[in-house]
Each structure stands twice: as C-alpha cells, then as structure tokens.
Amino acid sequence: MTPQPNEPSLNNNILTMYSRNSTVTEGYDNDSGSSEFTDEMGAGSDTLFFVTSYSDFDKLAHGPRGKEATKSVHIYRFHPSDGSMVLLNKTGDRKEVMNPAFSRYHPRLNVVYTCTEDIEESGKIIAYSISADGGLKQIGQVDAGGTSTCYLTIDRSQKHLLAVNYWDSTLSCFPISQETGEFSGEMTSIYDPKGGQAMVAAAKKFGGVNHSHNDESTIMMRQKDPHSHALVLDPYVGCMAYVPDLGKDLIREFFYNKEEGKIEREMNVLPSGLCTGKPDGPRYLEFHPTYNIAYVVNELSSTVAVFLVNKALLQEISNAKKNNEDLSKFKGMSTLKLIQSIRTVPSAFPTQMNTCGRICVHQSGRFVVVSNRGHESLAIFRVKHKGSSRGELRAVGYFHTRGETPRHFQFDSSGQYLIVANQDSDTIAVFTFNLSSGEIKYSGNDYRVPSPNFVCCCPIHDFIERPPLVDDFLEENLVDFVPGGTDKESSNTPTYSEKRSRKYLEAELLKAQLEIQSLKKRISTLPPNVSSVSA
C-alpha cells in the first residue's frame, strides 16, 4: 500500500530501524508521553526530494493551467524499496518564496539553493540548510540581479554560484563559502547580452504572449529578445560557460574567470540546431559523463542537438589565461561542433503542439531522457558507444507521464527511479527505470502537489570531512579521456592516461573510500530481491 502524504511533527531524537515490511507509523509514544511521527520504511534512506511549485501565475512569462500553491515547497523522504515517498515538510509562504522554479543541491554540503521567477521584479536566490528530517533553515538570500531567475550553477571550486535570469537574459555570479555554503559577499559580476537596452516584447500580464504556447505568432514575439535559459560550465577545465539563448536560437560561449567568479567575455555564438529556417529555442545543455559530447534540448523544435566538444581548445584557452595571454585570439573559435539532431516526439506528431522541458543524461552514460510538454511523455534515447558514432543517440521509445506538462523530472540517487513533475495536472509521479533497456514503468505512486515545476534530489551528506575541489590540482592531474578504446556496445569504459603522482593517488584513495561508504549505504536500503544489472 502506498503511504499517503502527511504533515508530521518530527523529533530529531527519534531513531528507528529500517524495516522492509513497515510503511508509516503514527501515534508513537516517546518517553515524554507525547505522540510522535516515525517513518520506519524510510529510516534507511538518506535521500530527500525538494519539490517546488508555482504560487503566482501573474508573475510568470508562461501560463500554467493547474492550481496556484499556497505553500511552494514540499519535502519528501524517498523509499527505495518501492519508490514511494512520505511528505516531511510543507513550507514556503507565497509572500516570502514566490514561484521558486529551479533548485540546486550543494555537491558536498547539506545546502539547497532555490530561485524565484518574477517578470516584474528581480528574482531572489535563497539558501537553506536541509536536515534529514526535512527541516529547512534559511542561511542566506541575495538579489539575483535580473528577472525570471531560472537556473543556478555552482562552479567546480564551490566558491561561486552563477544565476541565469530568463526574462531580461542577464547572467550573475555570487561568492559562496566553501565551508558553509552561505553567500559570502556581494555579486561579483553581471552580464547583459542586450547591452543595457530595454526589452522589446511585453510580458503576458501587460498584453504580451503566453510563453507556454508554440504557435507562429507567439514564437515571433518570444524571439524578439534574447532569453538566456541555462548556464553550464564545461566539466573539463571549468573555464567556458555555455548559455542556451532560447530567444535568439543560439548557444553562447563565454569565458568564465573561475578565480574571480566573473563572466568576462563572449567568445563565440553558434546555432543550436540544423538551421532549417524554423526556430529551435535551445533550453538546456548537458554533458556526457565520459565522452566529449554535449546535448542541447531545443524547446520549440522538439529536437536534441548533439555536439562534439573540443576539449583540447578548452585546455588551450585555460592555459592562455593562466599565462596572461590575450584571449581575443580565440574570438569566434567554437568548442562545439554539431554532429546530430534527433526529434523528441514521434515523426507524425505536430511540433507546434509540443515544447520540450528538461534533458538529462543518465548517470550511467547509457541514456538521455527528455520531457515533452504537450505530447505528455518522456523520450528515452540510448547513447551509441561504437566508433565514429560514439555519443550519438538512438530513440528507445516514448513513455507517457500520467499527467499534463511534465516540466521537470529527476532520478533518485541510484538511477533506478524517476520522479516527474506534471505541472498542469498538479501531480508528481514515480516511475521505475530499467538500467539495461531504458524502459520506464509507473510504480503506482503519485502525489498531489499544486503546479509542481522542479524536483531536486537531496541525498543527505554524512559528516566526513570532504575537502572542496581545487581547480589547479584537478587540472594538473586531469584524467584525460582518449577517444578510441573499446568499440563494444556494452562497454563505456574509457581508456585513461596514467597518473602516478603521490598527491593524485592519495586523492584517488580518499575518493574511493568515500565511494565505498556511499555504496554500502545504498546497498543497505535495497530489499533482498533486487539483483544487480550487468554492465
């Protein structure tokens, strides 16, 4: 039986043992005689989901059709035994946290950042410490420096948080503490691709178009202005910021000064698709975890564009900066090369009836998943692993999400479950994900959440001291992927150059120890009938 959402009163001192057969226990009497809430089935799980909702539709560029939330943040504990969840916390008064629309969990600390979406006033970026019982404590807040804040990125050194503001297209950067995750100073930079010019198109509230639509007249108005939608740093040296500009059908490549936390200059722009004469509308970009490949989802054309990444050029640019060389010599040189474009909906389905939402590369590197808003589905693609087509995509299938407008989705820590936010049907639904075939199946678990727009996976970190990454050390000991290696479809194991410095091996040992501890914790939460899947 699926546990029903509750609004428990939690006691941090309660300690329960994991039980595969239990679900939710209420009315537990503690030593003081008061009634407490325990979640025995989830006691072995260290994964929480931070789910946000729209709470004021008039402040948005687009038009949700569900219910406005009175509380814009729901926190669930995830049960890996059956994919069910229990509601631990429900918070976020609309006057204080209006339209939180994107969240980012710190890679090392129990801190989650969320940002608000408002076309009239500058967005807010709010930092919370999050505890295993679902408790939140605000530890900081900054002005995002622009309107309709829609994306957050933490750089490799974990010294800066970068934000994207969709409506006015500005990019901003803020220093954060490596020790606590709190904001540690004033905004370090802001970049405006409009050069300070006013917006051309009006907002929906003032007679403008509804950005949820995909008809010709809407697109014409939507693309009168630049609209930055994401900012993703390259995972190799961390010096290039890739910004999909939905309004201008471009991928912008910026040099990011990681020491000072600044977007310094635009290095290049390139089309986000095949240049068919029809709009693409790039929305998000994701890198493959192993191959030198990047994937861009085009919201308006319902396509995924696959790019080959020139890692050697990235390294050359990074080295030039270190040597105080003039970076203008790299102007107009792109680090991306388009190698494939593939549809996210069936060939006969009208693209004007669909807009893409999220794109995600599965942690195994074997699959790419895209959400379709209109077709109401997830499109699953298998990543090719052979020869010259390595990194390109092949469609596996389309799976309906049991709701309308799947704006966002997120895998759990194991990669075996998928939680989908169906924005316009006011539900989140849980699916199983087959690690071998890529097939998804409804788990039987769904929950009522008003206008859900983002699902953030928050595996609670242990208290082992984990030093933040140091860019210079990482670049000096960079493990390079060598194109070639095995061509077997079943293998995605890269060939690595050997590194034998003492510091590098010590770092690898620490990494392995932490990974072993994490795997032991995951194994402890699995029921006995879950078997391993071969690579």
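Computed from a predicted structure; not experimentally measured.
- Residues D234 and Y242 bring no donor and acceptor atom of their side chains to less than 3.5 Å of each other.
- Between the side chains of N89 and T91, no donor N or O sits under 3.5 Å from an acceptor N or O.
- The aromatic rings of Y236 and F287 stand perpendicular to each other, their planes meeting at an angle above 60°, with 30° marking the opposite boundary.
- At a threshold of 4.5 Å between non-hydrogen side-chain atoms, the residues V73 and V51 do not count as touching.
- Between the SG atom of C173 and the NZ atom of K258 there is a distance of 13.5 Å, given to the nearest 0.5 Å.
- Remark: R65 is not positioned above the aromatic ring of F57, lacking an NZ or CZ atom under 6.0 angstrom from the ring centre and at most 45 degrees off the axis.
- With a 4.5 Å cut-off on side-chain heavy atoms, L378 and I440 count as touching.
- With no hydrogens or angles considered, no side-chain donor-acceptor pair links S84 and N445 at under 3.5 Å.
- The closest side-chain heavy-atom distance from V383 to V368 is below 4.5 Å.
- Scored by the ring-ring contact (aromatic ring centres under 6.0 Å, His included) test, Y295 finds no partners at all (sequence neighbours excluded).
- For the residue pair T344/N372, the side-chain donor-acceptor check at 3.5 Å is satisfied.
- Listed for the S72 side chain is a donor-acceptor partner under 3.5 Å among the backbone atoms of V97.
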Given the rule in the side chain to side chain donor-acceptor pair (under 3.5 Å) test, do D446 and T427 qualify, once you have shown the distances and angles that lead to the verdict?
-> CA-CA 7 Å; D446 58 63; T427 59; over 6 Å; no
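- Side-chain polar atoms of T401 and N422 form a donor-acceptor pair below 3.5 angstrom.
- For the atom pair K441 NZ and T432 OG1, the distance stands at 7.0 Å (nearest 0.5 Å).
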Applying ring pair (Phe, Tyr, Trp, His ring centres under 6.0 Å), run through Y166 and Y151 and close with a yes or a no.
-> CA-CA 8 Å; Y166 169 79; Y151 199 89; over 10 Å; no
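- In this structure the side chain of E68 never reaches within 4.5 angstrom of the side chain of S55, judged on heavy atoms.
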Take D118 and T116 through the side chain to side chain donor-acceptor pair (under 3.5 Å) test and state the conclusion after the steps.
-> CA-CA 6 Å; D118 187 338; T116 62; over 6 Å; no
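- The aromatic ring centroids of F102 and F454 lie less than 6.0 Å from each other.
- Distance alone, capped at 3.5 Å, is enough to place a donor-acceptor pair between the N99 side chain and the D56 backbone.
- With sequence neighbours left out, F433 forms a ring-ring contact (aromatic ring centres under 6.0 Å, His included) with H362, F367, F411.
- In this structure, R358 is positioned above the aromatic face of F409, its NZ or CZ under 6.0 Å from the six-membered ring centre and within 45° of the axis.
- Between I125 and F183, the closest side-chain pair of non-hydrogen atoms falls below 4.5 Å.
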Given side chain to side chain donor-acceptor pair (under 3.5 Å), test N165 with S148 step by step and report yes or no.
-> CA-CA 5 Å; N165 300 301; S148 285; over 6 Å; no
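- Between H160 and F174, the distance from one ring center to the other does not fall under 6.0 angstrom.
- Between Y128 and F50, the ring planes are tilted. Angles from 30° to 60° get that label.
- Side chain to side chain, S129 and N110 fail the donor-acceptor criterion of an N or O pair below 3.5 Å.
- F78 and F49 have perpendicular rings, their planes meeting at more than 60° on a 0 to 90° scale where under 30° would count as parallel.
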How far apart are the C-alpha atoms of D412 and T47, what are their side-chain angles, what is the distance that settles it, and do they pass the side chain to side chain donor-acceptor pair (under 3.5 Å) test?
-> CA-CA 8 Å; D412 77 317; T47 297; over 6 Å; no
Intermediate values then yes/no, salt bridge (Lys or Arg N to Asp or Glu O under 4.0 Å), R373 and E299 | CA-CA 9 Å; R373 301 173 296 179; E299 175 177 331; 3.3 Å; yes
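- There is no side-chain donor-acceptor pair under 3.5 Å between R390 and H385.
- Under a 3.5 Å cut-off, the side chain of H375 and the backbone N or O of S377 do not form any donor-acceptor pair.
- Partners of H74 according to the ring-ring contact (aromatic ring centres under 6.0 Å, His included) rule, which considers only residues two or more places apart in sequence or in another chain, do not exist here.
- With hydrogens and angles disregarded, a donor-acceptor distance shorter than 3.5 Å links the side chain of Q178 to the backbone of S157.
- A donor-acceptor contact under 3.5 angstrom links the side chains of Y54 and E117, judged on distance only.
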Check the pair S371 / V420 against side chain to side chain contact (heavy atoms under 4.5 Å, CB included), numbers first and verdict last.
-> CA-CA 9 Å; S371 63; V420 180; over 6 Å; no
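- Between the side chain of S228 and the backbone N or O of V164 there is no donor-acceptor pair closer than 3.5 Å.
- Aromatic ring centres of H461 and H106 lie farther apart than the 6.0 Å criterion allows.
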